[in-house]
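Note sheet for the following structure.
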Amino acid sequence: MAREKELRRSLAVFPIGTVMKLTDLTARQIRYYEDQGLIQPERTAGNRRMYSLNDMDRLLEIKDFLDDGYNIAAIKREYEEREVRAQQKQVTLTDADVRRILHDELLQQGRFTTPSQQFGNLRI
DNA sequence: TTTCTCACA
DNA sequence: TGTGAGCA
């Protein structure tokens, strides 16, 4: 998914009333899931909770998990696992970048650029 | 009017 | 998880 689209999905623009209608959850439930750490909506200057499309998707997913018999703790673990996997993916990408960089360095050997100069232009 | 926090005949 | 109180 394009990062710009991901950013749009992360924009918190819905008040709890809208989320209630779109997810068919009560305000009580939505706030409770937040207390349990399942979602972290933003707050306005007036302390109003504001939700993003991603929050909406997560709430709908939480509903499905609950229907399937999972308890709040299990769902929380699932999201913590996803967070870990996401971070590991980042590390993997970084390692891949490093390998590509070293590979490029080898290709540059014997040519006109020096490793130090190349490294100065690398962006990771 | 809507949302917030807190508390429980 | 529901519901009502008292605010902002």
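Every chain is numbered from 1 and lettered A, B, ... according to where its sequence line falls, protein lines coming before strand lines.
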In whole angstrom, what separates [X]'s [atom1] from [N]'s [atom2]?
| X | N | atom1 | atom2 | value |
| --- | --- | --- | --- | --- |
| A:Met20 | B:dC4 | CE | C1' | 13 Å |
| A:Asp24 | C:dT1 | CG | P | 13 Å |
| A:Ile16 | B:dT1 | CD1 | C1' | 15 Å |
| A:Gln29 | C:dT1 | CD | C1' | 7 Å |
| A:Arg28 | B:dC4 | CZ | P | 13 Å |
| A:Asn71 | C:dT1 | CG | C1' | 16 Å |

Taking every non-hydrogen atom, the tightest pair across [X] and [Y]:
| X | Y | answer |
| --- | --- | --- |
| A:Thr18 | A:Phe14 | CG2-CD2, 3.8 Å |
| A:Leu60 | A:Leu22 | CD2-O, 4.2 Å |
| A:Pro41 | A:Asp55 | CA-OD2, 4.1 Å |

Atom [atom1] of [X] with >12 non-hydrogen neighbours under 6.0 angstrom:
| X | atom1 | result |
| --- | --- | --- |
| A:Arg8 | CZ | no |
| A:Glu6 | CD | yes |
| A:Arg3 | CZ | no |

field: Close approaches to DNA chain C from residues 33-53 of chain A, in residue order (heavy atom, under 4.0 Å)
entry: A:Tyr33, A:Arg48
field: Where DNA chain C forms stems, i.e. three or more consecutive Watson-Crick or G-U pairs with both distances under 3.5 Å
entry: B:4-8 with C:2-6
query: Hey, does the side chain of A:Thr26 come within less than 4.0 Å of C:dG2's phosphate (OP1/OP2), counting only N and O?
result: yes
field: CA sep, side-chain torsions, deciding dist, call: A:Tyr79, A:Ile62, side chain to side chain contact (heavy atoms under 4.5 Å, CB included)
entry: CA-CA 10 Å; A:Tyr79 289 140; A:Ile62 290 171; 3.7 Å; yes
Side chain of A:Tyr32 - closest among C:dG2, C:dT1, B:dT3: C:dT1
message: If the threshold is 4.0 Å, N to carboxylate O, is there a salt bridge linking A:Glu83 and A:Lys76?
response: no
field: Contacts of A:Asp95 that satisfy side chain to side chain donor-acceptor pair (under 3.5 Å) - sequence neighbours left out
entry: none
